[in-house]
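Read the numbers this way: they start at 1 and go in the same order the structure lists the ligands and their atoms. Computed over heavy atoms, backbone and side chain alike; hydrogens, waters and symmetry mates excluded.
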Amino acid sequence: MKRCFSLPPRLQTVADLVPQSKSLADIGTDHGRLPVWLLLHDLIPHAVATDLRPGPLSKAKDLAKRWEIGADKLSFRLCDGLTSLSPQDAETIVIAGMGGETIAEIMADAAWTADPGHCFILQAMSGMDGLRRYLSGAGFRISKEILVEEGNTLYIVLYVEPEGGRKLTEGEIWVGQQNRDDPLRGRYLEQELFKLRRAVAGLERSQRPEDHEKKKWYELAAWEVEQMKKEWDSWQL
Ligand SMILES: C[S@@+](CC[C@H](N)C(=O)[O-])C[C@H]1O[C@@H](n2cnc3c(N)ncnc32)[C@H](O)[C@@H]1O
C-alpha cells in the first residue's frame with residue numbers, strides 16, 4: 001500500500017464496518033475519501049462513487065487521480081440516490097453524511113434495497129429517529145449500531161441488512177438498541193433523553209390535537225429511554 005491520508009473518526013468507523021473483498025457504492029461521496037481510502041488499502045476490489053451534484057463528484061475524481069486510482073477500480077456517477085445503480089453494481093452500499101430523512105428516501109426509492117444480498121452502512125448527521133422508523137417499518141434489520149465521537153459530536157453508524165428485522169419500540173426508534181460495551185452509550189442516552197424531555201415541554205401548551213398525539217409518543221419514548229439509562233447505569237457499577 002502507498003502512503004495514504006487518514007480518515008476522520010466518523011468515516012473511519014464507516015470504513016471499519018465495510019465487509020472486505022466486496023464491491024462498494026458510496027452514495028453522496030462528495031470528497032470521495034471513503035472509496036479512495038478503501039481501495040488504497042486493498043480492502044475492496046472496486047467501487048462506484050455517486051453524487052447529486054457535479055462539484056463534489058469532480059472533487060472525488062481529483063482525489064482518485066491524485067492517488068492514481070484507475071477507472072477499473074473506481075467509477076463515478078452523477079445521480080440522485082440509487083437511481084442510476086442496479087443491484088449488481090455493488091454488494092455494500094454506504095450512505096453517509098446526510099440527513100436521516102434523505103437516507104430513508106434514497107432507500108425507499110430503490111425497491112431492490114429490500115431484497116436479500118446487500119448490506120447497508122448508514123450514517124445520518126441528524127434525524128436518526130426518522131431513519132430508524134423507516135428501517136423498522138420496512139423490515140430491515142439493524143445488526144450493529146456504533147457510536148463515534150468527532151469534535152464534540154456523537155455520531156452513529158448503522159450496519160443494516162434487508163432481512164430479519166423486527167419492529168422497534170418507540171424508545172428504540174430514538175436511541176437504538178442497548179449495547180453494554182459501548183463506552184459512549186451512557187452519554188448518548190442522556191443527550192437523547194434531554195431532547196425528548198425538551199420536546200415534551202415544548203408541546204405542553206399546544207391546543208392542537210396532533211400535538212397532543214405527538215406529545216404522547218415523546219412521553220412514551222422518554223419513559224423507555226429513562227429505563228434504558230437506568231439499566232445502563234446499573235451495568236457500570
Ligand atoms: C456532507 S456530504 C457527505 C460526504 C461523505 N459521504 C461523508 O460522509 O463524509 C453529503 C453529500 O451528499 C450529496 N447528496 C445529497 N443528497 C444526495 C442524493 N439524494 N443523492 C446523491 N448524493 C446526495 C451532496 O451533494 C454532498 O456531496
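- Arg133 pairs with exactly one of Glu172, Glu101, Glu170 by the salt bridge (Lys or Arg N to Asp or Glu O under 4.0 Å) rule, that one being Glu170.
- A perpendicular orientation is assigned to the rings of Tyr218 and Trp174, their planes being inclined by more than 60° (bins at 30° and 60°).
- Within 4.0 Å of ligand 1, heavy atoms belong to protein residues Arg10, Leu11, Gly28, Thr29, Asp30, His31, Asp51, Leu52, Arg53, Pro56, Cys79, Asp80, Gly81, Ala96, Gly97, Met98, Ile106.
- Tested against Ile95, the residues Thr50, Leu122, Thr102, Leu131 include a single side-chain contact (heavy atoms from CB on, under 4.5 Å) partner, Leu122.
- A tilted orientation is assigned to the rings of Tyr134 and Phe140, their planes being inclined by 30° to 60°.
- Taking the centre and axis of the six-membered ring of Trp235, the NZ or CZ atom of Arg180 falls inside the cone set by 45° and 6.0 Å.
- Under the 4.5 Å side-chain heavy-atom criterion for ILVMFWY residues, a single connected hydrophobic cluster contains both Ile106 and Met128.
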